[in-house]
Every structure is written in C-alpha cells, then in structure tokens.
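First comes the structure, then the notes that go with it.
Remember, it's 1-based here, ligands and their atoms both numbered in the order they're listed. All of these numbers come straight from a predicted model, not from anything done at the bench.
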Amino acid sequence: MSFSSRRRNYLLTHHRRDGLIEWMKSMLMHSFVLDALDTTGADTFSHFEMLIEEHREICASEGPKARSSRLTQLVPTCGTFHTYLPLRRAFDVYNAKYGLTKRKHICISFNELRHILNLAQIMALCSNHRRCYSTEKENEEQAQKHLEALELRSAMDLLHSPAHLAAVAPEGCPPSLNLNGNGSYHTRDAVDIGDSRRSFRGPTMITFDGDQTLYSDGANFESNQELAQYLYLLVRNGVTVAVVTAAGYEYQTEKYELRLSGLLAFFKDRGMSTDDCERFYLFGGECNYLLRLGSDFRLHAVKETGTGGWQTATRNLDDAPGNWDELQCTALLDMAEECMQLALEEQRLKARLIRKKRSVGLVPLMNELIPREALDETILRVQSELRSRPDITLPFCAFNGGRDAWLDCGNKRVGVEVLQTYLGVPAESTLHIGDQFLNTGNDFAAREICPCVWITSPEETTYILKSILRLAGVPLNEKNREKGSESHGRVGDAGPAETQVATLNLKEVERRNDQVKTMDVFTGEMITKS
Ligand code: IMP
Ligand code: MG
C-alpha cells in the first residue's frame, strides 16, 4: 500500500471518530460565543431531535443504510437510531440541574453531551412517549417530572471524579440512539417473566460489557454492592441481564465465575429464585460461548445444538456462529496473527502474542505498558488488512482493549443479535451498556443492533442503572432481601425509606477473590501461588 493511500486511510478512519457529538458541540458553540445559549440552547436540542426523527423516518422507508437525510449530509458517520430520542427533554432536565447555559467561560462539553444523549436514550426506553417536541409548556412539565424521578445528583460529581477524568474521550462517535419497547414478546425459549415484567417500564434486556463497565479494566467484579444491588433489582423485575464480553475462556465456566465472583456471591446471598437466576446470561468471546446462571449460582454452558440449542435457534442469522466455517476462522486468525507480529516487531513493543481458538491477542509483558498509539496502530492495521480481503466474510472485531489489542472471531453485534433472536427480544427493547464506542473499540459494533449507552467507568454504569430503575418505577430504598422479607424490590413494592445494604457472605467472596488473584485474565491460566 502506498504512503498516500495509507495516510488517506488514517484520515478516513480518524474522521469516523468525529460523529454526532462533535457536530452537536460545534452547533452549540455558535450560540455560546454569542452568549445566547440560555435562550437558544433548548431550541437547538429540539432541532437535533427533529433531524434525528426525520432521519429515522427516511431509514424506515429506505432501509437502515439510507444516506439521503439532512442528518447524514451533516454527519455522514452517524449510526443507527433504534428509538425516538427526547433530546430536548433530556437537555432541559440536565440543564435544570447543572445550569449549563448559565456558564460564561466553558461551553457544553463532549462528555456533557454524551450524558444528555444517554439520558435521552434511557428516557425513551423507560417511557412510552414517541414524538414530543411538543409545546414548550408540556415539555417543561415533563422535564420537571423526570427531574424529580431521577434526582440527578451524581452526573456532575462523576464528571469530576478522578476515574472519569482519566477516561474522558476527547473525540468519538455517539452511542446509537433509539425507541422504547415495552413489548415483551418472548419465544418458547424465554423464561416466563410473570407480572413484574408487565409493570416494569423499561428495557426487556440489558446487555453489559465487562471490563471498565462492570469492573475496572483487567480486574474482577469484587465487592461493588451498589452495582450488584441494581443488577439484582433489574433481574428481579423481569429484565434479562447479559454480560457480553470479549473475554473468552471457551466453556471453562469457573473462569467466568471468578471474574464475576462478587456479583454471583451477592445473588446467592440474596437467595435469588431459580426463575430470576435463569434470566442472567454471560456471552464470552463476544458471541462464542453462551452461559446461563443456574439455581446453584454457578454458570452453565447453554447447549449449542439440537432442540433449544442457541446455535440451532439462530441459524437464520447469516453471521451467527452456528453458520461459521472453521477454515475461515483459522484463515482470519492466521492473518491477524501475522499482522500483529509485524506490528509488535516494527514498533518494538514489550508485548507477546496469545492465540486462542477464536481470538489472537497482543498483550503486555509482565509490568509493561503498551502505549495507546501503538495499540491503535496495531488495530487499524489489522482492520484495514482484513477489510481488504474479500475472501473474509466472517464477522470479526479488532479492538484496542486499553492495555491490549485483540482480534476476535465475531463481535458484540452478533452477540447481542443472537441473544435477541434466541430470547425473542426486539431491538428496540434492548439496551447495551459499554465503554468502547470509538471505532477501535469493541462496543462500537453493538450500535448497529440496539440502543446503546456509552459510559466510561463502573461508577457511571451504577448511575445509569439507578436512573433506569427510578424511571421504571422500582423503589430503590426498600428492604428487599428475598429471604423473610415482605418487599421484593419489584415495581409497586412500597419499601421503607432507609436503604438496607445487603450483608454479603464475605467468606465466599474472599474464597473466590483469592482464586481470582491467581488467574491470568488474558489467557485464563491459573497462576500457582507460592
Ligand atoms: P470487555 O471489555 O468485557 O469486552 O473485555 C475486553 C477485555 O477482555 C480485553 O481488553 C482483554 O483484556 C480481555 N480478554 C481476555 N480474553 C480475551 C479474548 O479472547 N479476546 C478479547 N479480549 C479478551
Ligand atoms: Mg470494556
């Protein structure tokens, strides 16, 4: 490849990072400079909302790749909008709380826009309104209601937390955006969700990225009780919860259990019912290994083929793993391995390659740190190499994991789509929450298949779940221990005011954590302690 075409590729790929949020930022800048944000800010969000809705209508009639809308002319890289987005309302709520438009020196930032988009997305999923750039008065009343429901206390604190500041993305594409689904149709394979699901006003299924969304990069879910409590409440209210992670250890279930040790111990301590347990899934290796929680609080492989097998049930999806050709997998991995090896040598990285059945990884040598630029370069090389090969038709994901770089067979679009098909959950009733929505990240692919929320830390995930539960009408401060308690933390339960923090079976967590410390999260190998 010539230098100029390489350079062009670089510019093209980086241009893809300047998505909707960058465009919104530039639109708001004019008013800010003219000191007019206070009077025109909300109208600008109405305008965004209208352009997105117009785009959605065009896509509905011309297909999801339609490029003739005004929005695509302004933002050629915008993703799919799966639901209506009440952006003005979300802005009103956020602005009422934080007074963004009163600021004189600092314009609305990338991260504030990300928060407003996230808020609009969860509002869309948790209420029935469709189009609502209605009258100003109606909007104000609704915004006030949402504000009260949400008690938006912590978004600003999060913006200034060290974890957040470290993770701030300077540029990037927006999460994909979308409509409510209270339609909870399920296939025969789906668990019977009973009454609670019917009254829960929120997504039917929430899929979560693992690293940096539920736990810090490379760490495990240890004792984050607040997050565990919200996940528990979601499952209790009939929501299917699935961790869709790139981490792949084939069907060695104990390795995934180790990574989720604190969460599983929390569920066990709560005495979660069998039905509720069975609503909790983990998809390992992006879309390769499907596991489900059993009543013994252990993860079990879901059968792949035959009646009720997940691969058999998703054969109608062209890209689903049940249709993959093993020779193609090998060819894909060989090419990526060769490309990564060259990247490792040319950039003189203190790294090594790992080859697994469905992935190749470039990971740091002990205690070394691979620079972000080198990881991005490696990934962009792999992506452009694989895209230039017409014989490669398998879905794949080449991504920068923060400390490492990977090529996986399959991606999170396939993972989420398989779950939607297998469990009978429509796209607009699904929500994916993740931290990697740049084009070198592995949550990016999920934008195609469902609404997404882009977070940057487990603290933000906690905040988002709290907001979803509040908007869906779930009491948060109840005594909702399952054993011997009258309230079960379901919609309609009237719990007492004080929060009851679950007392965890700490011995169990310690036992599991002890084991966790001895596992290499890249390979899944156990490291014997001396
Ligand atoms: P996620 O953020 O939950 O999708 O996890 C991504 C991280 O999982 C990567 O950054 C790696 O550190 C780790 N990982 C472990 N095994 C694999 C694998 O086989 N493919 C990709 N990532 C892996
Ligand atoms: Mg992640």
Which atoms of ligand 1 are found less than 4.0 Å from any heavy atom of [X]?
| X | result |
| --- | --- |
| Gly401 | 10 (O) |
| Thr245 | 1 (P), 3 (O), 4 (O), 5 (O) |
| Phe522 | 12 (O), 15 (C), 16 (N) |
| Asn442 | 4 (O) |
| Gly210 | 3 (O) |

Margin query: Heavy-atom pairs closer than 4.0 Å: do any link ligand 1 to the side chain of Phe399, the backbone, both, or neither?
Written below: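 For Phe399, the contact with ligand 1 is made by the side chain alone.
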Item checked: Gln436, portion touching ligand 1 at heavy-atom distance under 4.0 Å -> neither
Note to self: Out of the candidates Met340, Arg358, Glu385, only one should pair with Leu407 under the side chain to side chain contact (heavy atoms under 4.5 Å, CB included) rule; please name it.
What the structure shows: Met340
Notebook entry, point to check: Can a salt bridge be assigned to the pair Glu460 and Arg114 using a cut-off of 4.0 Å between side-chain N and carboxylate O?
Noted result: yes
Next item on the list: Taking only Lys NZ, Arg NE, NH1 and NH2, and the carboxylate oxygens of Asp or Glu, determine whether Arg389 and Asp391 approach each other closer than 4.0 Å.
Entry: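 So Arg389 pairs with Asp391 through a salt bridge.
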Return yes or no for this condition: an N or O of [X] is under 3.5 Å from an N or O of ligand 1.
| X | value |
| --- | --- |
| Asp211 | yes |
| Tyr249 | no |
| Tyr215 | no |
| Ser359 | yes |
| Val244 | no |
| Asp408 | yes |

Next item on the list: Starting from atom 15 (C) of ligand 1, find the nearest protein heavy-atom neighbour and note its residue, name and distance.
Entry: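 Among all protein heavy atoms, the one nearest atom 15 (C) of ligand 1 is Val521 O, 3.3 Å.
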To the nearest 0.5 Å, what is the distance between [atom1] on [X] and [atom2] on [Y]?
| X | Y | atom1 | atom2 | value |
| --- | --- | --- | --- | --- |
| Ile52 | Leu117 | CD1 | CG | 7.0 Å |
| Leu333 | Cys409 | CG | SG | 4.0 Å |
| Cys78 | Ile21 | SG | CD1 | 12.5 Å |

Item checked: Selected option - heavy-atom contact closest to atom 10 (O) of ligand 1, from Val360, Val243, Asp404, Val363 -> Asp404
Item checked: From Gly441, Gly524, Ala246, Cys409 - option closest to atom 4 (O) of ligand 1 by heavy atom -> Ala246
Notebook entry, point to check: Does the Glu525 side chain pair with the main chain of Met519, one donor and one acceptor, at a distance under 3.5 Å?
Noted result: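 No, the answer is negative, given that no donor and acceptor are paired below the 3.5 Å cut-off.
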Next item on the list: Compute the angle centred on the Mg ion (ligand 2) spanning OD2 of Asp209 and OD1 of Asp435, and express it rounded to 10 degrees.
Entry: 70°
Notebook entry, point to check: Out of curiosity, is Lys412 lining ligand 1, as in a heavy atom under 4.0 Å away?
Noted result: yes
Margin query: When you measure from the Mg ion (ligand 2) to the N, O or S atoms of Asp211, does any of those distances fall below 2.8 Å?
Written below: yes
Next item on the list: Determine, step by step, whether Glu286 and Lys412 satisfy the salt bridge (Lys or Arg N to Asp or Glu O under 4.0 Å) criterion, reporting the C-alpha distance in whole Å, the side-chain angles of both residues, the deciding distance to 0.1 Å, and the verdict.
Entry: CA-CA 5 Å; Glu286 316 263 6; Lys412 294 194 185 183; 5.1 Å; no
